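Structure record follows, encoded as structure tokens.
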Amino acid sequence: MSCIFCRIAAGEIPSQKLHEDELVFAIRDIRPQAPVHILVIPKVHIASLWELEDEALAGRLVSVAARLARQEKLEQGWRLIANTREHAGQEVPHLHLHVLGGKKLGRMLPG
Ligand code: AMP
Ligand code: ZN
């Protein structure tokens, strides 16, 4: 198994999970682009939003992202990003949502 997020999901690579349920988990990004930078990741390997057809999973990903934003006290605002495929610069080919906040973000993506 070479996919980094599959290996984290399986516990092969230790990580501090901020959230875990039967469908998704969340970890802090190792190269944070903002004071709060969390990744919400499905446990099953789905390459990107392009391949996502499971609406229950889609709903869970977004609602967990919103719950974590509240937990991190991002009441002044935050951003949800899903880099999808090459033109968006997706680096890890396992679907993940970025939760970014804790400072005033630029008009577009940080970084
Ligand atoms: P993307 O460009 O949307 O594919 O972003 C991938 C993100 O995953 C980047 O922000 C990386 O810093 C982050 N990342 C890669 N490996 C790890 C890891 N082992 N733990 C936490 N974050 C990671
Ligand atoms: Zn994977």
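As a basis for the values below, the full set of heavy atoms in this structure was taken, side chains included, without hydrogen atoms, waters or symmetry mates. This is a predicted model, so every value here is computed, not measured. Counting convention: from 1, in listed order, for ligands and their atoms alike.
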Check this for me, if you would: do Glu55 and Arg60 make a salt bridge, where the nitrogen-to-carboxylate-oxygen distance has to be below 4.0 angstrom? no
Between the Zn ion (ligand 2) and His94, which N, O or S atom of the residue is the nearest one? ND1
Is it true that a side-chain atom of Gln90 and a backbone atom of Val92 form a donor plus acceptor pair closer than 3.5 Å? yes
Test item: Val36 and Trp78 side chains (from C-beta on) under 4.5 Å apart, heavy atoms: no
So, is Asn83 polar-close to ligand 1, with some N/O to N/O distance under 3.5 Å? yes
of all protein heavy atoms, closest to atom 9 (C) of ligand 1 is Asp29 OD2, 3.3 Å
Are the side chain of Glu51 and the backbone N or O of Ser48 linked by a donor-acceptor pair below 3.5 Å? yes
Which residue owns the protein heavy atom closest to atom 14 (N) of ligand 1, what's the atom, and how far is it? Ile30 CG1, 3.7 Å
Decide whether an N or O pair under 3.5 Å exists between Val92 and ligand 1. yes
Purely on distance, is any nitrogen or oxygen of Ile8 under 3.5 Å from one on ligand 1? no
Atom 5 (O) of ligand 1 sits nearest the protein heavy atom His96 NE2, 3.3 Å
So, of the N/O/S atoms that His45 has, which is the nearest one to the Zn ion (ligand 2)? ND1
Assess whether a salt bridge exists between Glu72 and Arg28, defined as any Lys/Arg side-chain N lying under 4.0 Å from an Asp/Glu carboxylate O. yes
Side-chain donor or acceptor of Lys43 paired with backbone N/O of Cys6 under 3.5 Å: no
Looking only at heavy atoms, is any part of Gln33 under 4.0 Å from ligand 1, and if so is it the side chain, the backbone, or both, or is it neither? neither
I'd like to check whether His37 has a polar contact with ligand 1, where a contact means an N/O of the residue lying under 3.5 Å from an N/O of the ligand. no
When distances are taken from atom 4 (O) of ligand 1, the protein heavy atom at minimum range is Glu91 N, 2.7 Å
Donor-acceptor pair, side chain of Arg85 and main chain of Leu49, under 3.5 angstrom: no
Geometry only, no angles: is Ile4 polar-contacting ligand 1 at N/O separations under 3.5 Å? no
Aromatic ring proximity, centroids under 6.0 angstrom, His96 and His94: no
Tell me the contacting part of Ile27 for ligand 1: side chain, backbone, both, or neither, using a 4.0 Å heavy-atom threshold, strictly below. side chain
